[in-house]
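Since the model is a prediction, treat every value here as computed from it, not as a measurement. Positions are given from 1, in the same order as the sequence printed here.
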Amino acid sequence: AALQALKRKKRYEKQLSQIDGTLSTIEFQREALENSHTNTEVLRNMGYAAQAMKKVHENMDLNKIDDLMQDITEQQDVAQEISDAISNRAAFGDEFDEDELMAELEELEQEELNKGMRDVRLPSVPSTSLPSHPGKLPACHFTFLMIKPCSSTRKRVEDEDEMKKLAAWAS
């Protein structure tokens, strides 16, 4: 009985394979028919479009189209010239060369700068010599390129900070 069941199974598998092949063939033919139908519709519509374009172009002359396009281009050029003429500012008072004016302005600015430099008075160099040991300088002088504020300056800054804190607290 087991051998018979195994033989039956093999027959069924062979039938299933044949049926699957048949279904694949039928599906392929169906797709081919659909594609043929689509191609036929496309060709028919392309024929209609060709006939419609032929009718539209019957009344058109290529020379007339070229003439029309030239007329349009000429009119656009005239419109651009008019627009340019209107948009340019009037030339009233423009008879001066801008480069010359800029050069004169720079000359006047340099003259003003030179005059200002003549009025600068530089401080005189102190006649006393500096101490030889930096440790002997007071705390509020330069020491090794670092500034140490004098104690009175430090106290004033601290007092201002305290006043700001007090004002913030009172608000």
Side-chain angles (χ1 to χ4, degrees), residues 19-126 130 140-150 152-171:
I19 292 171
D20 189 41
T22 303
L23 287 175
S24 293
T25 302
I26 291 172
E27 188 174 329
F28 176 75
Q29 288 177 343
R30 184 186 55 82
E31 289 174 359
L33 283 172
E34 284 178 359
N35 287 338
S36 295
H37 179 69
T38 302
N39 290 338
T40 303
E41 287 297 315
V42 167
L43 285 175
R44 186 179 317 134
N45 287 327
M46 287 175 71
Y48 294 148
Q51 289 173 359
M53 288 175 68
K54 206 180 248 186
K55 284 182 183 178
V56 168
H57 290 140
E58 281 178 358
N59 298 328
M60 289 188 194
D61 181 16
L62 195 56
N63 292 329
K64 288 180 182 178
I65 293 172
D66 285 339
D67 292 341
L68 180 64
M69 293 307 293
Q70 282 180 344
D71 289 344
I72 290 172
T73 303
E74 287 173 9
Q75 292 307 313
Q76 286 176 337
D77 291 344
V78 169
Q80 184 63 42
E81 288 177 15
I82 292 170
S83 177
D84 290 345
I86 291 173
S87 65
N88 285 340
R89 60 189 178 112
F92 302 120
D94 281 352
E95 61 246 11
F96 300 109
D97 183 18
E98 197 166 319
D99 292 335
E100 289 178 13
L101 290 174
M102 289 302 292
E104 187 176 342
L105 177 64
E106 288 176 10
E107 205 175 290
L108 289 171
E109 288 174 344
Q110 186 62 40
E111 197 175 293
E112 187 68 28
L113 183 64
N114 290 343
K115 189 187 298 181
M117 293 300 286
R118 276 186 246 131
D119 295 339
V120 173
R121 300 288 179 235
L122 296 175
S124 59
V125 178
L130 293 174
C140 62
H141 285 79
F142 292 101
T143 307
F144 299 106
L145 299 176
M146 293 177 55
I147 300 175
K148 291 185 178 179
C150 295
S152 62
T153 305
R154 191 178 311 125
K155 178 77 170 132
R156 186 174 66 234
V157 169
E158 289 173 359
D159 288 344
E160 288 175 4
D161 288 341
E162 289 290 326
M163 289 301 288
K164 286 179 185 176
K165 288 178 185 175
L166 184 61
W169 176 80
S171 305

S.K.: Just checking E41: does its CD atom have more than 12 heavy atoms from other residues, nucleotides or ligands closer to it than 6.0 angstrom?
M.R.: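 Atom CD in E41 is packed in, count exceeds 12.
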
S.K.: Rounded to the nearest 0.5 Å, what separation is found between the CG atom of D77 and the CD1 atom of I82?
M.R.: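 Result: 11.0 Å between the selected atoms.
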
S.K.: Return the CD1 to NE2 distance between I65 and H57, rounded to the nearest 0.5 Å.
M.R.: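 Here the interatomic distance stands at 7.5 Å.
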
S.K.: If you measure from the Lys or Arg side-chain nitrogens to the Asp or Glu carboxylate oxygens, is any gap between R30 and E34 under 4.0 Å?
M.R.: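 So R30 pairs with E34 through a salt bridge.
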
S.K.: Measure the CG-CG distance between L62 and D67 for me, rounded to the nearest 0.5 Å.
M.R.: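 Between atom CG of L62 and atom CG of D67 there are 10.0 Å.
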
S.K.: List the steps, then state whether side chain to side chain contact (heavy atoms under 4.5 Å, CB included) holds for T25 with Q29.
M.R.: CA-CA 6 Å; T25 302; Q29 288 177 343; 4.3 Å; yes

S.K.: Tell me, with the steps shown, if Q110 and E107 meet side chain to side chain contact (heavy atoms under 4.5 Å, CB included).
M.R.: CA-CA 5 Å; Q110 186 62 40; E107 205 175 290; 5.9 Å; no

S.K.: Could you give me the CA-CA distance, side-chain angles and deciding distance for D66 and Q70, then say whether side chain to side chain donor-acceptor pair (under 3.5 Å) is met?
M.R.: CA-CA 6 Å; D66 285 339; Q70 282 180 344; over 6 Å; no

S.K.: When you look at L113 and E109, which way does the side chain to side chain contact (heavy atoms under 4.5 Å, CB included) test go after all the steps?
M.R.: CA-CA 6 Å; L113 183 64; E109 288 174 344; over 6 Å; no

S.K.: Using modelled atom types and a 3.5 Å cut-off, is there a donor and acceptor pairing between side-chain atoms of S36 and backbone atoms of A32?
M.R.: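 Pair found, side chain donor or acceptor close to backbone of A32.
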
S.K.: Any chance you could lay out the side chain to side chain contact (heavy atoms under 4.5 Å, CB included) test for L23 and E27, step after step, and finish with the verdict?
M.R.: CA-CA 6 Å; L23 287 175; E27 188 174 329; over 6 Å; no

S.K.: Which of these, E162, E158, M163, R156, sits in a side chain to side chain contact (heavy atoms under 4.5 Å, CB included) with E160?
M.R.: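 With E160 as partner, side chain to side chain contact (heavy atoms under 4.5 Å, CB included) holds for just one option, R156.
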
S.K.: Roughly how far, to the nearest 0.5 Å, is CG of L166 from CG of D159?
M.R.: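 Between D159 CG and L166 CG, I get 12.0 Å after rounding to 0.5 Å.
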
S.K.: Calculate, to the nearest 0.5 Å, the distance between atoms NZ and CD belonging to K55 and Q51 respectively.
M.R.: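 These two atoms lie 7.0 Å from each other.
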
S.K.: Drop me the distance from Q76's CD to I72's CD1, to the nearest 0.5 angstrom.
M.R.: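 With rounding to 0.5 Å, CD (Q76) is 7.0 Å from CD1 (I72).
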
